[in-house]
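Here the structure comes first, spelled out in structure tokens, and everything after it is commentary.
For ligands, and for the atoms within them, numbers begin at 1 and follow the listed sequence.
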Amino acid sequence: MSWLHEFEERLSALDTQQLRRRRRAVQPQHGAHLLVDGKPMLAFCSNDYLGLAQDAALRAAVHAAVDVYGVGAGASPMVSGHSVANAALELELADAVQLPRALYFYAGFATNASIVPALVGEGDALFSDALNHACLIDGARLSRATIHRYAHADLNDLASKLAASTARRKLVISDAVFSMDGNVADIRGLLALCEAHDALLLLDDAHGFGVLGPQGRGALAAAGLTGPLASSRVLYMATLGKALGVAGAFVAGPDTLVEWLLQKTRSYTYATAAPALLAEAVRAGLRECLGEGGDGRRAHLDALITALRAGLMPGAHPAIDAAGWTLMPSATPIQPLVVGSNADALGVMAALQARGIWVPAIRPPTVPAGTARLRIALSAAHTLDDVSVLLQALYDAALAPRSAG
Ligand SMILES: Cc1ncc(COP(=O)(O)O)c(C=O)c1O
């Protein structure tokens with residue numbers, strides 16, 4: 001069989017299972033409105049939770065940075081890529097999450113995929129929540145440590161797996177906010193187990209930083225575990241392409257661990273540094289996030305979450321109940337509406353798209369089989385009217401005849 005023929009067949013199999021993903025070319029308009037393949041759409045699919053991606057202050061910071069630094073970083077941070085802007089950002093990020101030191105990376109996926117192998121290796125034990133993000137899973141596999149997958153958010157399961165392990169080094173890895181469910185991990189519970197079993201905790205707060213806790217300082221701050229209360233056994237990771245509106249990621253924690261990661265993380269050493277223009281944009285985003293403007297954005301976001309949930313809760317509308325759709329229990333901007341089959345999820349997505357509304361259908365293997373869902377992502381860029389428009393479209397789609405799939 002030829003290579004091309006084999007992959008054509010594999011692509012057709014994706015079509016048959018309705019699992020082929022398609023990209024759209026988008027251009028922002030105003031608020032959460034986009035031009036998608038040239039067609040206007042109201043979008044509920046961006047992780048730009050604070051609505052900073054189009055913000056004037058961030059744009060101005062980029063223009064000013066380009067005048068000073070030009071466009072590209074030119075080299076790894078270990079050579080000449082570590083700009084003055086990147087260095088300043090690291091100090092500000094550490095201060096924001098109230099942890100001793102931070103290290104700034106060019107992308108979140110690469111960060112997790114490579115810090116895990118820098119922390120543990122063959123003979124060590126890794127404990128991973130069943131719903132962790134793909135980059136933590138890839139990092140775990142690359143590390144060659146023994147992987148113990150514990151049931152999602154099940155601290156009893158984690159406790160028994162930790163107790164049964166005789167490995168000298170144990171690392172627990174967990175999303176802080178689960179990206180497809182929107183629920184928040186029990187961080188105090190995780191940390192208590194790590195203390196009891198001498199394990200290190202790596203938390204990925206990609207979806208919590210900027211949104212959760214006082215001034216959006218993130219999930220650790222929301223759990224009251226920063227500053228003097230921060231444990232020497234927590235490494236905190238967050239991304240900068242979601243609520244902060246730009247791109248990149250950082251890891252923060254005790255100086256010794258961060259220094260070790262600086263020395264041993266392959267995607268840090270062997271990759272071009274994030275350009276200073278991005279660092280300056282993140283710095284501007286961080287100022288807004290921590291300031292009064294950020295509080296206003298989060299308050300608005302909370303109002304949007306409340307309005308959406310009020311319209312989709314059981315009993316809120318007969319069409320949603322009759323369709324058997326379930327809104328997952330989430331207090332974050334990630335509001336998943338489980339519709340069940342892949343065909344139904346795609347059908348609802350198409351019905352919304354026909355009305356100029358874009359909500360992505362998330363299907364296996366990204367989520368467990370039978371739980372295909374619409375992942376509604378809210379942003380401070382939305383208005384309450386946008387939420388009403390979405391609710392009405394969902395009610396109408398729920399009343400439409402279901403597909404056989
Ligand atoms: C939980 C989680 N961690 C990490 C990442 C990767 O971050 P980035 O988009 O910066 O590569 C994502 C991205 O979507 C995510 O949802």
Side-chain angles (χ1 to χ4, degrees), residues 21 23 26 43-50 52-53 86 89 93 97 102-119 126 128-142 152-153 171-185 187 190 201-212 218-220 222 235-252 261 265-268 271-275 278-279 281-282 285-286 289 328 330 332-336 360 362-363 365-367 373 375-379:
R21 300 161 199 252
R23 296 173 306 166
V26 308
F44 291 89
C45 37
S46 168
N47 301 314
D48 174 27
Y49 303 123
L50 296 182
L52 287 174
N86 293 24
L89 173 60
L93 287 169
V97 294
L103 193 59
Y104 170 43
F105 286 76
Y106 68 92
F109 197 105
T111 303
N112 279 340
S114 56
I115 58 175
V116 177
L119 293 167
L126 243 166
S128 176
D129 187 289
L131 292 191
N132 275 344
H133 189 265
C135 54
L136 281 176
I137 296 169
D138 283 8
R141 288 179 181 153
L142 277 173
H152 173 53
L171 175 66
V172 175
I173 55 180
S174 178
D175 284 14
V177 175
F178 290 88
S179 51
M180 295 301 136
D181 290 26
N183 59 321
V184 183
I187 296 172
L190 287 171
L201 176 61
L202 170 60
L203 272 182
D204 173 350
D205 197 23
H207 297 275
F209 183 58
V211 174
L212 300 180
L220 264 187
L235 263 178
Y236 176 88
M237 178 270 181
T239 63
L240 303 165
K242 302 188 194 306
L244 269 281
V246 187
F250 69 100
V251 182
L261 293 178
T265 306
R266 290 166 68 82
S267 77
Y268 191 79
T272 303
L278 295 184
V282 175
L286 198 55
C289 170
M328 296 187 74
S330 160
T332 67
I334 303 168
Q335 293 291 324
I362 310 289
R363 290 157 284 154
T366 309
V367 292
R373 65 197 65 177
R375 181 184 183 273
I376 304 168
L378 293 170
S379 160

Any idea which protein heavy atom is nearest atom 14 (O) of ligand 1, and the distance to it? K242 NZ, 2.7 Å
Tell me which protein heavy atom sits closest to atom 5 (C) of ligand 1, plus the residue, atom name and distance to 0.1 Å. H133 CE1, 3.6 Å
For D175, the atoms of ligand 1 under 4.0 Å from one of its heavy atoms are 1 (C)
Give yes if a backbone or side-chain nitrogen or oxygen of G108 is under 3.5 Å from a nitrogen or oxygen of ligand 1, and no if not. yes
For S179, atoms of ligand 1 separated by under 4.0 Å from a heavy atom: 16 (O)
Contact (N/O only, under 3.5 Å) between H207 and ligand 1: yes
For A206, the ligand 1 atoms with a heavy-atom partner under 4.0 Å come out as 1 (C), 2 (C), 3 (N), 15 (C)
Residues that R266 engages under salt bridge (charged side-chain N to carboxylate O under 4.0 Å, His left out), provided they are two or more places apart: none
With sequence neighbours excluded, tell me which residues meet ring-ring contact (aromatic ring centres under 6.0 Å, His included) with F44. H382
Taking atom types as modelled, is there a side-chain donor on H152 or N132 under 3.5 Å from an acceptor on the other? no
When only distance counts, is F109 in polar contact with ligand 1, meaning an N/O pair under 3.5 Å? yes
Any atom of ligand 1 sitting under 4.0 Å from a heavy atom of C135? yes
Mind telling me whether F109 and H133 have parallel, tilted or perpendicular rings, with 30° and 60° as the class edges? perpendicular
Option set D204, L136, D205, V246, criterion heavy-atom distance to atom 3 (N) of ligand 1, minimum: D204
Where do D181 and S330 come nearest, in terms of heavy atoms and distance? O-CB, 3.7 Å
Under 4.5 Å between any side-chain heavy atoms of Y268 and T111, yes or no? no
Side-chain donor-acceptor pair under 3.5 Å between T366 and R373, yes or no? no
